[in-house]
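Notes to accompany the following structure.
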Amino acid sequence: MTEYEVWAPEAGRVDVEVEGSRFRLAPDPARAGWWRGLAPAGDYAFRLDGGPPLPDPRSRRQPQGPDGPSRAVDHGAFRWSDTPWHGRPLPGAVLYELHVGTFTPAGTFDAAAERLDHLVELGVDFVELMPVCPFPGRYGWGYDGVSLWAVHEPYGGPEGLKRFVDTAHRKGLGVVLDVVHNHLGPSGNHLPAFGPYFTDRHHTPWGSAVNLDAPGSDEVRDYLIGSALAWLRDYRIDGLRLDAVHALVDDRALHFLEQLAAEVDRLAVTSNRELFLVAESDRNDPRTTGPRQAGGQGLAAQWSDDFHHALHTTLTGESQGYYADFAAEPLGALAKVLTRGWFHDGSWSSFRGRHHGRPFPPAYGHRLLGYLQTHDQVGNRAIGDRLSATLTPGRLAAGAALVLTSPFTPMLFMGEEWGAATPWQYFTDHTDPELAEAVRRGRRREFAEHGWRAEEVPDPQAAGTVLASTLDWSEPAQHPHAELLGWYRLLLRLRRTHPELCDPDLAAVRVDHDEELRWLVVHRGPYRIAVNLGAEGPRSVPLGAPYDGTLAVFGRCEADGDSLELAHNSTAVVRTG
């Protein structure tokens, strides 16, 4: 017999249905709102007050998808490799974000694992997986996931994820998992039937907020924290990226993020492993990564869209939407971010119509993730066009150099390292026809407001959209992709072998630039990262000290005393005396 339990505080009767037979559960006298009882093992679902069968909120496996019955997982049965793995620290590391479904044509954990040698040769330290919780259909970004303790079956389910993590660890790569606590998908979300998992007290872009501070929120917080710890414990994941934490509205004295960070730190001690949390947040509030003993929430790092926006406008000249704040003087914006962490550190934001952010502590640049592209910044464009669709290899190389020699923790998006020609578009596989049509219409309506014709916006439900977004692994060996890939590998080697190029102290960074002539020089100890983004012709840029050797060049440059002559769209990393 197997013991079943579920939290359903408003139910008058709870049954577990196992392989078609029903067994009544009894209230747990030790835990208010919980029901428990014994029944045979097998695929199961819960019935509340005689209602329809519903999957277990804490289901470890959904073999038939989010709406199907649940199945137990024996985590102790998996045979992990004997190779010791205690994790690796986040400071000084480089992350690589990938989507399992489009990283390879097969779109599975096992197929992705077969490509890990490419990442080892590239020189990154962590693979960051986009969300892998179950969602309707086969294809999707993963941010509409449900069943927060389970793994998307088409990717390979629980065993597939464990094989991927085990393989990554054997190759010296850590694994970070993107998790979504701020909302659940519009289809397959059965949590409201069980209890107050959501509250109307707060609202988010997805509707009612997850209940972190209203009545019943103790159990909801335990549900989310338990899920997070399960990824770290049962799947041996090394860190979690928390989606849009600014949407985790919590008025308690002990904020959910602080509580979660404390629990993760406790697990790190008891398991003798490096474990960490990374936040996505648009608040520009250093308290997110500040130590708990000093009033912070204690997360290890957070994404920095300010760095991306400044770099994007510098390279592309785009000025729409939130890029407007950075586009007036893009090189100046980039210089500010490289030396102060955030552009908006209490400054006026025209996009928001108010002042935004507060100053970032300069000694902790590694607490900010810096990137040239991400799934958001590519996939949320109308046609999912990467920078490689419009920028020359020289400009892509300049962006790579500024990311990989920055004082931040760099992150790459899959295929970026060779300038992938494939786009990465928004795709779904909703099984509900009405929801599928609503998503299709909504996507096209959104971009029609920006001048796009409906037929120009890819259909999220079309199989061709997924196919177009899948990496082409023949490209890395072809021109000009091979040259850019070599540049990324060289920069990553330099970052590992020259500590000044990854020094996180923002106060030690100096940036010279000329907004009109469009050149920029970043000073990193005795090293200079110089880029010429001018409209045409070479530029003479000052090094601030006599030239003493070249570490890397993409394009053409010539040294002349304490200055460097850079060709158009060229980048150089040099040493000064």
Side-chain angles (χ1 to χ4, degrees), residues 2-16 24-37 44-49 51-62 66 70 72-73 133-134 145-150 179-185 188-204 206-234 240 242-245 247-267 277 297:
T2 298
E3 183 173 63
Y4 296 89
E5 61 178 12
V6 66
W7 181 61
E10 298 169 3
R13 172 173 174 160
V14 177
D15 298 288
V16 61
R24 188 165 184 174
L25 303 183
D28 186 338
R31 295 182 296 171
W34 281 83
W35 301 75
R36 62 187 301 181
Y44 68 98
F46 293 113
R47 290 182 180 266
L48 309 178
D49 297 321
L54 301 174
D56 184 355
R58 285 173 167 77
S59 171
R60 270 59 169 186
R61 188 176 181 187
Q62 290 296 119
S70 302
V73 173
C133 289
V146 294
S147 297
L148 300 188
W149 297 55
V179 298
V180 184
H181 291 162
N182 51 57
H183 74 289
L184 276 80
N189 176 17
H190 301 285
L191 289 183
F194 286 89
Y197 282 89
F198 299 87
T199 175
D200 290 332
R201 177 179 293 186
H202 309 293
H203 291 274
T204 73
W206 309 281
S208 296
V210 173
N211 178 17
L212 299 175
D213 57 7
S217 59
D218 283 359
E219 292 290 353
V220 178
R221 292 163 77 107
D222 286 348
Y223 171 79
L224 296 175
I225 291 173
S227 166
L229 297 180
W231 296 119
L232 302 172
R233 181 188 61 245
D234 300 334
L240 302 177
L242 309 177
D243 183 63
V245 300
L248 295 172
V249 188
D250 182 6
D251 289 337
R252 286 201 192 191
L254 176 61
H255 194 278
F256 169 75
L257 290 177
E258 183 181 351
Q259 183 181 355
L260 174 60
E263 292 292 341
V264 169
D265 286 350
R266 187 173 295 112
L267 179 61
L277 298 173
Q297 293 174 337

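From a predicted model like this one, the values you see are computed outputs, not experimental measurements.
Residue Q297 holds its CD atom at 11.0 Å from CZ of F256, rounded to the nearest 0.5 Å. We find the CG-CG distance between L148 and L184 to be 4.5 Å, quoted to the nearest 0.5 Å. Taking CG from L260 and CG from L254, the interatomic distance works out to 10.5 Å, rounded to the nearest 0.5 Å. Distance check: W35 CH2 to F46 CZ gives 12.0 Å after rounding to the nearest 0.5 Å. Between the CD atom of Q259 and the CG atom of L224 there is a distance of 10.0 Å, given to the nearest 0.5 Å. In this structure, CG on D222 lies 7.5 Å from CZ on R58, to the nearest 0.5 angstrom.
For the residue pair A193 and L54, the shortest heavy atom distance occurs at CB-CD1, 3.7 Å. Counting all heavy atoms, side chain and backbone alike, S147 lies closest to P134 at O-CD, 3.5 Å. Smallest separation of non-hydrogen atoms from Y44 and S59: OH-CA, 4.5 Å. For the residue pair P66 and V146, the shortest heavy atom distance occurs at CB-CG2, 3.4 Å. Contact record, T199 with S208: O-CB, 3.4 Å, taken as the closest heavy-atom pair. Among all heavy-atom pairs drawn from R201 and D213, the shortest one is NH1-O, 3.4 Å.
Ring-centre distance between Y197 and W7: below the 6.0 Å cut-off.
A 4.5 Å side-chain heavy-atom check between W206 and V180 finds every atom pair outside the cut-off. Using a 4.5 Å cut-off on side-chain heavy atoms (C-beta onward), V249 and L212 make no contact. Residues V6 and P57 are in side-chain contact: their nearest non-hydrogen atoms beyond the backbone lie under 4.5 Å apart. Between D15 and L25, the closest side-chain pair of non-hydrogen atoms is not below 4.5 Å. Counting only heavy atoms from C-beta outward, the side chains of H181 and L248 approach each other to under 4.5 Å.
Between W149 and Y223, the ring planes are tilted. Angles from 30° to 60° get that label.
A donor-acceptor pair is defined here as one N or O able to donate and one able to accept, closer than 3.5 Å; such a pair exists between the side chain of N211 and the backbone of P215. In terms of modelled atom types and a separation under 3.5 Å, the side chain of D243 and the main chain of N182 share no donor-acceptor contact. A donor-acceptor contact shorter than 3.5 Å links the side chain of D49 to the backbone of R13. Using a distance-only test at 3.5 Å, with no hydrogens or angles considered, no donor-acceptor pair links the side chain of D28 to the main chain of R36. Panel note: side chain W34, backbone E5; no donor-acceptor pair is recorded below 3.5 Å.
The salt bridge (charged side-chain N to carboxylate O under 4.0 Å, His left out) test applied to R47 returns E17, not counting sequence neighbours. When the salt bridge (charged side-chain N to carboxylate O under 4.0 Å, His left out) test is applied to R252, the partners found at least two apart in sequence or on another chain are D218.
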What's the verdict on side-chain contact (heavy atoms from CB on, under 4.5 Å) for D234 and V73, showing C-alpha distance, side-chain angles and the deciding distance?
CA-CA 10 Å; D234 300 334; V73 173; over 6 Å; no
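Among the candidates R61, Q62, R60, the single residue satisfying the side chain to side chain donor-acceptor pair (under 3.5 Å) test with S70 is Q62.
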